[in-house]
Amino acid sequence: MIIDVHSHCLQPEHWGHEHEDHWQGAYGGDLYPVVTPESYDQVMGEAGVDVAVVFGLAASQAGVRTPNVFVADFVSKMQTPAIPFCSIDPLDEDWRDQLDEAVELGFQGVKLYPVLSLFDPLDPEFDDFYTTLTSNRMVALWHMGATPSPIGRLAVSQPMVIDEVARRHPELTQVMAHMGHPWQRDTNVVLRKNRRVFADVSGVPSRPMDAFFALVGAQEWRTVDKLVFGSDYPLWTPTQAIENLRSIAQFRAGNLPYVLDDTIEQIIHCDALTMLELSDPRR
């Protein structure tokens with residue numbers, strides 16, 4: 001079984017000017033690709049993905065927005081079994097309306113982007129938001145870690161932030177995307193102590209040495225069972241993401257610890273639906 005918990009259906013126009021102004025140069029100058037339900041089905045099928053979690057982005061101050069109805073329509077046209085997540089900026093005055101709409105549409109989680117939304121997850125004003133997510137059994141999937149955008153706020157995008165949210169809302173299921181890169185060491189200690197906090201490995205192998213230390217760290221901190229697979233499509237296809245992950249297990253440095261093949265395969269084939277308490281769309 002392969003569950004891809006991190007894939008994007010947002011379109012170039014959903015970025016506003018943010019991608020062109022601040023991201024394009026950092027990613028080699030390429031335009032943001034157009035993805036379709038058909039392209040999703042192709043890449044997910046090639047990798048043997050059984051279920052894909054699909055979402056866009058929302059960061060109002062940056063002009064980034066993927067409407068809930070777009071995601072719902074997109075997923076309805078996919079052949080691949082898919083779970084839609086909404087994207088909400090909690091600074092929006094109408095976040096409750098957006099969340100109600102997402103629940104009515106059958107969404108099972110929310111993608112949050114504090115580094116670009118510029119909201120502080122630790123501010124008590126968002127406790128009502130987290131409580132509402134918990135009562136609706138929705139997963140909070142956080143972009144966690146770096147951004148190339150100069151307007152981004154790195155201080156609110158570090159794994160220790162999630163530790164405090166988890167302390168106040170221990171029943172909220174949370175996923176730290178990208179293992180919080182480059183702060184994966186912090187991610188591992190946050191994972192170890194918080195029962196309902198997980199991390200996905202999307203994008204992690206793109207910086208191989210960081211990935212090596214992150215996954216060796218997961219073995220040593222015994223948090224491999226808290227890691228779930230994500231491709232970050234369309235930045236990488238699931239096939240590329242799997243190949244890149246497996247390549248990390250080939251690293252050797254004398255008699256130092258190394259990433260076990262079993263670690264990689266456990267991440268790729270973990271039962272993320274059960275771990276995150278997501279309903280299986282195949283049923």
Side-chain angles (χ1 to χ4, degrees), residues 1-8 26-28 30 43-53 141-148 154 157-160 162-163 174-195 197-276:
M1 175 170 58
I2 300 178
I3 312 298
D4 187 342
V5 305
H6 195 122
S7 68
H8 300 273
Y27 285 92
D30 294 333
V43 299
M44 295 298 165
E46 289 172 350
V49 171
D50 295 282
V51 177
V53 175
L141 192 153
W142 301 84
H143 172 88
M144 194 54 43
T147 179
L154 292 173
S157 193
Q158 302 194 20
M160 291 302 183
I162 304 308
D163 178 56
Q174 302 184 76
V175 179
M176 294 182 284
H178 321 303
M179 283 190 77
H181 64 182
W183 300 292
Q184 297 101 323
R185 187 177 185 182
D186 291 350
T187 293
N188 279 318
V189 298
V190 173
L191 293 177
R192 186 176 74 148
K193 71 178 287 287
N194 294 293
R195 182 177 61 87
V197 177
F198 303 86
D200 77 42
V201 297
S202 62
V204 171
S206 65
R207 292 169 178 84
M209 189 56 69
D210 274 356
F212 174 79
F213 284 113
L215 296 176
V216 168
Q219 292 171 172
E220 294 181 344
W221 287 99
R222 298 184 179 181
T223 59
V224 174
D225 63 347
K226 304 295 287 294
L227 301 179
V228 295
F229 173 72
S231 66
D232 215 1
Y233 178 71
L235 289 179
W236 296 272
T237 68
T239 295
Q240 290 170 331
I242 290 169
E243 291 174 350
N244 292 342
L245 265 177
R246 286 175 172 157
S247 73
I248 305 303
Q250 305 307 309
F251 288 16
R252 296 292 186 275
N255 62 352
L256 293 178
Y258 57 90
V259 180
L260 303 175
D261 289 330
D262 286 350
T263 292
I264 300 298
E265 299 308 314
Q266 180 174 334
I267 295 169
I268 293 170
H269 298 288
C270 74
D271 184 0
L273 300 183
T274 298
M275 293 165 67
L276 305 180

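One finds the CG atom of L227 at 12.0 Å from the CD1 atom of I268 (value rounded to the nearest 0.5 Å). Atoms CD and CG, on Q174 and L191 in that order, are 11.0 Å from each other to the nearest 0.5 Å. C270 SG to M1 CE: the interatomic distance, rounded to the nearest 0.5 Å, is 7.5 Å. The CG atom of L245 sits 5.0 Å away from the CD1 atom of I264 when rounded to the nearest 0.5 Å. A distance of 11.5 Å separates CD of Q266 from CG of D271, quoted to the nearest 0.5 Å. Here OG1 of T187 is found 11.0 Å from CG of D163. Values are rounded to the nearest 0.5 Å.
Between L215 and Q184, every side-chain heavy-atom pair lies at or beyond the 4.5 Å cut-off. The shortest side-chain heavy-atom distance between H269 and I2 falls under the 4.5 Å cut-off. In this structure, the side chains of M44 and S7 come closer than 4.5 Å at one or more pairs of heavy atoms. Using a 4.5 Å heavy-atom threshold, the side chains of V190 and M176 count as touching. Contact of the P238 side chain with the V43 side chain is registered, since non-hydrogen atoms from C-beta on lie closer than 4.5 Å. Using a 4.5 Å cut-off on side-chain heavy atoms (C-beta onward), I248 and P208 make contact. Within the 4.5 Å cutoff, the side chain of W236 has no heavy atoms near those of the P205 side chain.
Taking F229 as the reference, nothing meets the ring pair (Phe, Tyr, Trp, His ring centres under 6.0 Å) condition, with sequence neighbours excluded. Applying the ring pair (Phe, Tyr, Trp, His ring centres under 6.0 Å) rule to H181 yields the partners H178; only residues at least two apart in sequence or on another chain are considered. Judged as a side-chain hydrogen bond (donor to acceptor under 3.5 Å, both in side chains), and not counting sequence neighbours, D186 has no contacts.
Of the possible polar contacts, one joining the N188 side chain to the A214 backbone as a donor-acceptor pair under 3.5 Å is found.
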Going by atom type alone, with no hydrogens or angles, which donor-acceptor pairs under 3.5 Å involve a side-chain atom of residues 251-261 and a protein atom two or more places apart or on another chain?
{"from": "R252", "atom 1": "NH1", "to": "A249", "atom 2": "O", "distance (Å)": "2.9"}

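Closest non-hydrogen pair, V53 versus V5, comes out as CB-O, 3.5 Å. The two residues S231 and A241 come nearest to each other via the heavy atoms CA-CB, 3.8 Å. Annotation for L154 and G145: closest pair CD2-O, 3.9 Å, computed over non-hydrogen atoms.
Screening residues 223-249 for salt bridge (Lys or Arg N to Asp or Glu O under 4.0 Å), with sequence neighbours left out, gives R246-E265. Residue pairs meeting the side-chain hydrogen bond (donor to acceptor under 3.5 Å, both in side chains) criterion with at least one partner in residues 208-222, sequence neighbours excluded, are Q219-T263.
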